[in-house]
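A short write-up of the structure that comes next.
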Amino acid sequence: AQTVTQSQPEMSVQEAETVTLSCTYDTSENNYYLFWYKQPPSRQMILVIRQEAYKQQNATENRFSVNFQKAAKSFSLKISDSQLGDTAMYFCAYSNGNTGKLIFGQGTTLQVKP
Amino acid sequence: DTGVSQNPRHKITKRGQNVTFRCDPISEHNRLYWYRQTLGQGPEFLTYFQNEAQLEKSRLLSDRFSAERPKGSFSTLEIQRTEQGDSAMYLCASSLVRGEKLFFGSGTQLSVL
């Protein structure tokens, strides 16, 4: 069975600084997708970034980028120029692309301090 | 595109009562998912529909839980004889193509007293 592990329950960063959230996963599949979702206090799940496993190039969305290490089964999220609005819980998620269902990690609570 | 809609937003019920939640996915999305999330934890998969067919059910979905998606449009999740352990946020999500992102609704927060 596939699993997703986020080993950092809580993190904090100063506004305008850079922070990296860690995620590891376990799968025997070769084709799959990885996601980072953000859940602010409103509890609305918002997609931050998506990575296709067959693509070697790391995905980037504005201030958000990933470091995808397929052999190590690692998928970290880097947030540059952190903003107060980035304060939220962040979830790493895996999809095998078959059913499309997501398997989520336990989450990392990120607080951006002014 | 009005997004994924879930009703009600909040539900308070007494232990032993039945409750039903509704999810309206984005209109052209044929895939629909239900998740359960307790505070401070990641969402846990419950079940998945492709059109009107329920293709996968988690072991978390006990006999007291049932989900339907008649005509492949909206979906309902019913919990019979609710227990305090059922208290959670129930999230619905939809997608068009496998591997693409899931669009989530705002969830239904259930409190069982």
Side-chain angles (χ1 to χ4, degrees), chain A residues 1-10 21 23-25 27 29-55 59 61 64 66 88-111, chain B residues 2-6 9-10 23 25-26 29-51 53-61 67 69 75 87-111:
Chain A
Q2 295 89 6
T3 58
V4 178
T5 302
Q6 295 178 248
S7 58
Q8 305 155 314
E10 296 180 357
L21 308 183
C23 172
T24 58
Y25 60 94
T27 183
E29 303 285 336
N30 194 42
N31 292 323
Y32 51 88
Y33 303 83
L34 296 165
F35 304 81
W36 279 97
Y37 276 86
K38 167 185 176 181
Q39 190 176 43
S42 67
R43 302 193 75 180
Q44 176 71 51
M45 295 288 281
I46 303 166
L47 177 71
V48 175
I49 201 163
R50 171 181 172 271
Q51 175 79 42
E52 297 163 337
Y54 65 86
K55 288 187 177 179
E61 288 287 344
F64 299 89
V66 298
M89 197 156 187
Y90 287 80
F91 292 100
C92 178
Y94 166 99
S95 169
N96 66 12
N98 184 17
T99 63
K101 77 176 185 185
L102 296 177
I103 299 169
F104 287 89
Q106 307 92 318
T108 296
T109 299
L110 175 67
Q111 183 178 12
Chain B
T2 58
V4 178
S5 176
Q6 290 189 248
R9 290 294 306 274
H10 303 275
C23 171
I26 294 171
H29 286 186
N30 58 4
R31 294 166 177 254
L32 186 146
Y33 307 82
W34 284 99
Y35 286 82
R36 180 173 70 187
Q37 185 182 24
T38 53
L39 201 60
Q41 300 296 317
E44 297 172 296
F45 170 77
L46 292 178
T47 189
Y48 151 64
F49 290 85
Q50 183 165 331
N51 299 312
Q54 187 174 19
L55 297 185
E56 187 173 347
K57 291 168 56 174
S58 163
R59 286 173 292 178
L60 293 174
L61 217 63
R69 193 183 182 196
S75 176
S87 294
M89 173 77 84
Y90 290 84
L91 294 167
C92 176
S94 70
S95 72
L96 181 59
V97 177
R98 65 186 183 190
E100 293 299 320
K101 74 173 187 177
L102 268 58
F103 291 79
F104 282 84
S106 299
T108 294
Q109 180 66 52
L110 173 66
S111 298

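Quick note on labels: first sequence line is chain A, next is B, and so on, each numbered from 1.
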Exercise for the section: Would you mind reporting whether A:F35 and A:L102 have side-chain heavy atoms less than 4.5 Å apart? Expected result: yes
Problem - Student check: side-chain heavy atoms of B:L46 and B:Y90 closer than 4.5 Å - result: yes
Handout entry: Residue, of A:M89, A:R50, A:Q106, that accumulates the most heavy atom pairs under 4.5 Å with chain B
Key = A:R50
Exercise for the section: State, with a plain yes or no, whether a side-chain heavy atom of B:L102 is found less than 4.5 Å away from one of A:Y37. Expected result: yes
Practice task
Please determine which of B:K57, B:R69, B:R31 meets the side-chain hydrogen bond (donor to acceptor under 3.5 Å, both in side chains) test together with B:Y48.
Solution key: B:R31
Completion exercise
For A:R43 and A:Q39 the tightest heavy-atom approach is O-NE2, 3.0 Å
Handout entry: Interface residues of residues 1-8 of chain A facing chain B - heavy atom cut-off under 4.5 Å
Key = none
Exercise for the section: Assess the pair B:Y33 and B:F49: is the distance between their ring centroids shorter than 6.0 Å? Expected result: no
Handout entry: Heavy-atom proximity to chain A below 4.5 Å, by part of B:S95
Key = neither
Handout entry: Side-chain touch B:T47/B:Q54, heavy atoms, less than 4.5 angstrom
Key = yes
Fill in the blank from the handout: Heavy-atom nearest pair, B:W34 first then B:L32, reads NE1-CD2, 3.6 Å
Problem - Where A:K38 and A:A88 come nearest, the two heavy atoms and their spacing - result: CG-CB, 3.6 Å
Practice task
Evaluate the side-chain proximity of B:S94 to B:F104: yes if any heavy-atom separation is below 4.5 Å, no if none is.
Solution key: no
Practice task
Output the option from A:N96, A:N31, A:T99 having the highest count of non-hydrogen pairs under 4.5 Å with chain B.
Solution key: A:T99
Handout entry: chain A contact via B:Q109 - which portion, at a heavy-atom distance below 4.5 Å
Key = side chain
Handout entry: No-hydrogen, no-angle side-chain donor-acceptor test under 3.5 Å, A:Y94 and A:T27
Key = yes
Exercise for the section: Could you list which of residues 35-45 of chain B have a heavy atom closer than 4.5 Å to any heavy atom of chain A, in residue-number order? Expected result: B:Y35, B:Q37, B:T38, B:L39, B:G40, B:Q41, B:G42, B:P43, B:F45
